[in-house]
Amino acid sequence: MEQQAANGGGDGDRELEELELPTLDIEQNKLTEQLVAACRDPGVFRLVNHGVPGDLTARLFRLTRGLFELEPASKSRLPGYFWGTPALSLRVKELNWVEGLHVDAALSSPDAAADRDDAGAYTAFKKVVTEEYVPHMARIARKLFDALSVSKELCLDAEQRASYLEEHGGTFRAYRYPARDPAAAVQYMGMEPHTDSSVLSILNQDLVGGLQVLRRDGEKKETWCSVRPVAGTLVVNLGDMMQAMSGDAYRSAVHRVVAPSSPGTERMSLCYFAFPEEHAVIRHPSGCYRGFSYGEFRERVQADIKATGAKVGLARFRVHDRSSAPP
Ligand SMILES: O=C(O)CCC(=O)C(=O)O
Ligand SMILES: [Fe+2]
């Protein structure tokens, strides 16, 4: 994989070619057809007419910003707060130039864990995330997944359609990427190159820019391209579970975030990750992966990160040469 210095992207990505994302209206009649094309290549697309009210997004960005603006000692006590640690599945050797708030939509973490002075602000944030924003994300994920599930690449039966996308799960993360210090000796990436472990991820970025996708041009050539922020749209990228479910017909997109370099600029994003049910065994008729559950995949990823500092991911489950495999 081509590696580019973290500071190669200017403010976001001035020097990079832009990736022209397919733009999909989720209420259109030919959704399956257009989704299949977008999932085959480039595995990332833009959504319009998605039904998430603009004022809800604006309110959630405001509430999130309020929490990130707290004193470091206060915000570090917020439930799910982290600084510089990996996202869902990243190398842990390098610091990421990002802080975040992680909310597990399936669990209701006790808000009492928030610092007493900031409990009101955190409770308001969490309420908007769990009661308003995440239900929209779960609705969109289900709609996209159902449209894809009838494609010949997935061809799921009713049970798989239900269990390959957990109805009430999902993880929400709000991120803030502060400006990097151009004079610092080490220039950290906002978020290092990775694939998501999800079925699909729905990103709502502000207008600063910095999200980049690795475009594959044929077998050998790979180029980092920028994903231009467009107001009112969402960006969806496929994750490893979708790649496995489709027997590699769809690819989980390698992506990264370059933190801004202009002093005083910061980037924020609201991200939702949809997963399969923990124990549902994922199989595809092609047999290119052995059957495995998301629970097993996650444990394997965590074990690899612990042992080597890096995610191995789907390669751990790939069946290389079935003709010589033991019976
Ligand atoms: O901040 C973003 O837009 C992307 C974050 C991301 O890729 C992740 O959390 O996996
Ligand atoms: Fe990601």
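If you read the sequence from its start, that first residue is 1, and numbering goes on from there. First listed ligand is number 1; within each ligand, the first listed atom is number 1. Just the heavy atoms: all of them, side chains too, but no hydrogens, waters or symmetry mates, feed the values below.
Backbone and side-chain nitrogen or oxygen atoms of Ser269 are examined, and one is located within less than 3.5 angstrom of a nitrogen or oxygen of ligand 1.
Within Asp196, the N, O or S atom lying nearest to the Fe ion (ligand 2) carries the name OD1.
By the 4.0 Å N-to-carboxylate-O rule, Arg215 lies too far from Glu20 to be salt-bridged with it.
Near Phe273, with a cut-off below 4.0 Å to any heavy atom, the atoms of ligand 1 are 8 (C), 9 (O), 10 (O). For ligand 1, the atoms sitting less than 4.0 Å from at least one non-hydrogen atom of Tyr175 are 1 (O), 5 (C), 8 (C), 9 (O), numbered in the order shown with element in parentheses. Set against the non-hydrogen atoms of His255, the atoms of ligand 1 under 4.0 Å away are 7 (O). For ligand 1, the atoms closer than 4.0 angstrom to any heavy atom of Val257 are 1 (O), 2 (C), 4 (C).
Heavy atoms of Gln205 stay at 4.0 angstrom or farther from ligand 1.
Between Phe125 and Tyr122, the ring planes lie tilted relative to each other; the angle falls in the 30° to 60° range. Classification of the Tyr175-Phe82 ring pair by plane angle, with boundaries at 30° and 60°, yields perpendicular.
Side-chain contact between Phe275 and Arg298 is absent, with no heavy-atom pair separated by less than 4.5 Å.
Distances from the Fe ion (ligand 2) show that Cys271 has no N/O/S atom below 2.8 Å.
Residues Leu270 and Leu56 are members of one and the same hydrophobic cluster, defined by side-chain heavy-atom contacts under 4.5 angstrom among Ile, Leu, Val, Met, Phe, Trp and Tyr.
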